[in-house]
Amino acid sequence: MFQFLIDKLKEKPSKIVFTEGTDPRILEASARLLAGKFLTPVLVGNPDEVHAAAGKAGFDVSGAEIIDPANFDRMEEMVALMVELRKGKMTEEQVRAALKKGNYFGTMLVKMGYADALLGGATYSTADTVRPALQIIKTKPGSKIVSSCFILVREQAGGGHETLAMADCAICIKPTEDELVEIGLQTAETAKTFGLEPKVAYLSYSTKGSGAGEDVDKMRNACAKAKAAAPDLSIDGEMQFDAAVSTTVGQLKFPGSPVAGHANTFIFPDINAGNIGYKIAQRLGGFAAYGPILQGLNAPINDLSRGCNAEEVYTMAIITAALGLE
């Protein structure tokens, strides 16, 4: 899967901002990206400190761009733009203070077109990575929310791999009917980035009216709206998980459905179901889980776990940059 994304990135050179340029995990991942020659890291930090940290850890980041907020030659332009973007919400003094921090400074580098994508969160909290994105990058035209999905990958016996998309498992706690429509459409687009032809299942404890209740109605209605909004996509529901993944059960419970038994993109009713579902797939099903991948933003920005390792930084950098190629 990653070779597929790397091949795409080689066709269009891109830059990705790392907001924590002196972190050893970031430096190790940056050295790997530079060696691969398909993605240029932009490290936020003092150049002397970045080079010292890289030398101490034994990583060569000589090809990376290093930008220090304290000595950025376009800082006045950046301040003016952010003051305009945050008009009435942040004073110039507050903007200058924010831009001393890597999360806000890095996000503005993306906004100004200096870089194509951003990956943060090795030391920042999720809120400290997502908040600047919402305030500065904002949502895509036509999008009202930011959601997330996980991409799950499992090697298959005999070669190849199985890839699934699951949403929303991390951001939208209890999405409304209309938000579920948007989550489904956003996740289908993300699935395409990974080479999937999305077959989207709106999940429930009911299949095609076998159960009743407000929660069932919400998923059924959301599915109907999503199908109307994107008639070119394969979308169906509401359906139970077994009907979504088993061809035998799917065609028994939901005969004639183009998705039942073949689903690869799963929309959960709320964050409880989504978070539990992807972790069951990860821990019991042997899938590697990548994410959360943020969806609906005007530029590709993603958040790392503070407990991440260099391998996770490397793979999430590839994923994040690839999202900007669509």
Side-chain angles (χ1 to χ4, degrees), residues 126 130 134 139-152 164-192 196-246 249-282 285 289 291-297:
T126 295
V130 175
L134 291 173
T139 56
K140 292 178 180 178
S143 293
K144 296 180 181 178
I145 63 167
V146 172
S147 67
S148 74
C149 83
F150 277 82
I151 296 296
L152 292 100
L164 308 174
M166 294 186 173
D168 186 335
C169 309
I171 298 291
C172 298
I173 295 173
K174 196 172 180 63
T176 65
E177 191 175 290
D178 288 337
E179 287 171 343
L180 284 164
V181 174
E182 200 162 336
I183 291 168
L185 300 183
Q186 289 175 351
T187 307
E189 290 304 308
T190 301
K192 290 178 182 179
L196 280 177
E197 184 61 40
K199 293 184 180 297
V200 185
Y202 275 78
L203 299 175
S204 175
Y205 61 82
S206 165
T207 299
K208 201 179 180 183
S210 66
E214 185 178 326
D215 290 338
V216 174
D217 293 341
K218 182 170 77 168
M219 295 307 287
R220 182 188 302 120
N221 294 341
C223 179
K225 290 180 180 180
K227 290 169 78 170
D232 56 321
L233 289 176
S234 293
I235 303 173
D236 223 339
E238 87 288 3
M239 70 179 74
Q240 294 158 290
F241 192 81
D242 59 350
V245 298
S246 167
V249 176
Q251 293 309 308
L252 177 67
K253 292 186 174 183
F254 209 144
S257 169
V259 173
H262 306 286
N264 56 24
T265 304
F266 304 92
I267 309 305
F268 292 90
D270 59 34
I271 197 171
N272 275 313
N275 195 269
I276 293 167
Y278 100 81
K279 287 184 176 178
I280 289 174
Q282 180 184 30
I293 297 166
L294 299 183
Q295 305 177 136
L297 287 168

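For the numbers below, each heavy atom of this structure counts, side chains included, while hydrogens, waters and symmetry mates do not. Quick caveat, the model's predicted, so the values are computed rather than measured. When a residue number appears, it is its place in the shown sequence, counting from 1.
Annotation: the span from L134 atom CG to T139 atom OG1 amounts to 8.5 Å, rounded to 0.5 Å. Taken to the nearest 0.5 Å, the CD1 atom of I271 stands 7.0 Å off from the CD1 atom of I171. Within the model, atoms OH of Y202 and CZ of F266 stand 13.5 Å from one another, a figure rounded to the nearest 0.5 Å. The CG atom of L164 lies 7.0 Å from the CG atom of N264; values are rounded to the nearest 0.5 Å.
Taking each heavy atom of L180 and A222 in turn, the nearest pair found is CB-CB, 3.8 Å. Across G211 and V216, no two heavy atoms sit closer than the pair O-CG1, 3.8 Å.
In summary, of the residues considered (T265, L233, T187), a side chain to side chain contact (heavy atoms under 4.5 Å, CB included) with K192 occurs for L233 alone.
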Check your understanding: Could you walk me through whether S143 and Q186 pass the side chain to side chain contact (heavy atoms under 4.5 Å, CB included) check?
Key -> CA-CA 9 Å; S143 293; Q186 289 175 351; 3.7 Å; yes
Exercise for review: For salt bridge (Lys or Arg N to Asp or Glu O under 4.0 Å), just list the numbers for K199 and D236, CA-CA rounded to whole Å, side-chain angles, deciding distance to a tenth of an Å, and then say yes or no.
Suggested key: CA-CA 8 Å; K199 293 184 180 297; D236 223 339; over 6 Å; no
Practice item. Show your working on side chain to side chain contact (heavy atoms under 4.5 Å, CB included) between M166 and I267 and close with a plain yes or no. Key: CA-CA 6 Å; M166 294 186 173; I267 309 305; over 6 Å; no
Practice item. Take C223 and I235, measure what side chain to side chain contact (heavy atoms under 4.5 Å, CB included) needs, and give me the verdict at the end. Key: CA-CA 7 Å; C223 179; I235 303 173; 4.0 Å; yes
Review point. Should Q295 and S148 be marked as a side-chain hydrogen bond (donor to acceptor under 3.5 Å, both in side chains) after you check the CA-CA gap, both sets of side-chain angles, and the distance that decides it?
Key: CA-CA 5 Å; Q295 305 177 136; S148 74; over 6 Å; no
Practice item. Under the salt bridge (Lys or Arg N to Asp or Glu O under 4.0 Å) rule, what do E238 and K208 come out as? Steps first, then yes or no, please. Key: CA-CA 6 Å; E238 87 288 3; K208 201 179 180 183; over 6 Å; no
Review point. Yes or no on salt bridge (Lys or Arg N to Asp or Glu O under 4.0 Å) for D215 and K218, after CA distance, side-chain angles and deciding distance?
Key: CA-CA 5 Å; D215 290 338; K218 182 170 77 168; 5.1 Å; no
**Study point:** Test side chain to side chain contact (heavy atoms under 4.5 Å, CB included) applied to I293 and F150, step by step
**Key:** CA-CA 6 Å; I293 297 166; F150 277 82; over 6 Å; no
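When the shell of 6.0 Å around NZ of K225 is examined, it contains more than 12 heavy atoms from other residues, nucleotides or ligands.
Side-chain atoms of E179 come within 3.5 Å of backbone N or O of T176 as a donor-acceptor pair. With S246 contributing its side chain and G250 its backbone, the two residues share no donor-acceptor pair below 3.5 Å. In this structure a side-chain-to-backbone donor-acceptor pair under 3.5 Å is present from Y205 to A212. Side chain of Q251 to main chain of G256: a donor-acceptor pair is present (N/O by atom type, distance under 3.5 Å, no hydrogens or angles). Not a single donor-acceptor pair under 3.5 Å links the side chain of Y278 to the backbone N or O of L152. Here the side chain of N221 pairs a donor or acceptor atom with the backbone of D217 at under 3.5 angstrom.
Among pairs with a residue in residues 250-270, those fulfilling salt bridge (Lys or Arg N to Asp or Glu O under 4.0 Å) read D242-K253, at least two apart in sequence or across chains.
A salt bridge does not link E182 to K144: none of the charged nitrogens lies less than 4.0 Å from a carboxylate oxygen.
Residues Q240 and S210 are in side-chain contact: their nearest non-hydrogen atoms beyond the backbone lie under 4.5 Å apart. The shortest distance between side-chain heavy atoms of S257 and M239 falls below 4.5 Å. Counting heavy atoms from C-beta on, the side chains of C149 and D168 never come closer than 4.5 Å.
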